[in-house]
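What follows is a single structure, written as structure tokens, with notes after it.
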Amino acid sequence: MSEKRWFSLEEANYLLPFVDQELKKMQALKREFEDKYMELRHKKNEYASMPSSEKDPFFVMEAALEFLQIEARGLIQSFQKTGIELKDIDTGLVDFPAVMNGQEVLLCWKQGEDQIRYYHGEQDGFAGRRPIAD
């Protein structure tokens, strides 16, 4: 595991366009995976009621799902190497480890917010968000 990285508020805000872009890639991959998975389930249900001599008619679809998983894992791992903590892909929730007033905190950002305005303690989570004093 790499050494923990600390972000200043300015640095974290500067990184938001990159973070937003990476989150959008992850969200698109997740949607594509979910769509293909549901399609595969539907086809398997249809197939179960039909006689067939084909050995594995779903191999191509299952392989495509595996490749999507590999791609998503790579994106997530690459993202995590930046030191930014990915909390929720769907809502676009991320935390930036920081030190404020001598305390370890997490600068908290949710996709759609124009800048980081909140922080919370390590154990507090999203529900414990407090506004950053200007």
Spatial distance of atom [atom1] ([X]) from atom [atom2] ([Y]) [nearest 0.5 Å]:
X: I132; Y: M100; atom1: CD1; atom2: CE; value: 5.5 Å
X: L9; Y: L107; atom1: CG; atom2: CG; value: 6.0 Å
X: Q103; Y: E122; atom1: CD; atom2: CD; value: 10.5 Å
X: R129; Y: D124; atom1: CZ; atom2: CG; value: 12.5 Å

Considering residues, nucleotides and ligands other than [X], do more than 12 of their heavy atoms fall under 6.0 Å from its [atom1]?
X: Q123; atom1: CD; result: no
X: K36; atom1: NZ; result: no
X: Y37; atom1: OH; result: no

Please answer whether the main-chain N or O of T82 pairs with a side-chain N or O of R5 as donor and acceptor at a distance below 3.5 Å.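 Yes, the answer is positive, given that a donor and an acceptor are paired below the 3.5 Å cut-off.
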Looking only at non-hydrogen atoms, find the nearest pair between [X] and [Y] and report the distance.
X: P97; Y: G83; result: CD-O, 3.4 Å
X: C108; Y: I116; result: O-CG2, 3.7 Å
X: L16; Y: Q115; result: CD1-CA, 3.7 Å
X: D88; Y: T91; result: OD1-N, 2.7 Å

Is R31 salt-bridged to E34, cutoff N-O under 4.0 Å? no
Should K24 and D20 count as an ion pair when the cut-off is N to O under 4.0 Å?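 Salt bridge present between K24 and D20.
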Got a sec, which residues hit side-chain hydrogen bond (donor to acceptor under 3.5 Å, both in side chains) with E32, two or more places apart in sequence or on another chain?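 Testing E32 for side-chain hydrogen bond (donor to acceptor under 3.5 Å, both in side chains), a comparison that skips the adjacent residues, returns none.
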What residues, two or more places apart in sequence or in another chain, satisfy ring-ring contact (aromatic ring centres under 6.0 Å, His included) together with F7?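 ring-ring contact (aromatic ring centres under 6.0 Å, His included) check on F7 returns F96.
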Partner residues of E71 under the salt bridge (Lys or Arg N to Asp or Glu O under 4.0 Å) criterion, sequence neighbours left out: none
Excluding sequence neighbours, so at least two apart, what forms salt bridge (Lys or Arg N to Asp or Glu O under 4.0 Å) with R73?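 None.
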Linking Ile, Leu, Val, Met, Phe, Trp and Tyr by side-chain heavy atoms under 4.5 Å, what else ends up with V99?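 V99 clusters with W6.
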Who else is in the cluster with Y118 when I, L, V, M, F, W and Y are joined by side-chain contacts under 4.5 Å?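 Taking Ile, Leu, Val, Met, Phe, Trp and Tyr as members, Y118 stands alone, with no cluster partners.
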F126 six-ring face occupied by K87 cation (under 6.0 Å, within 45°):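 No.
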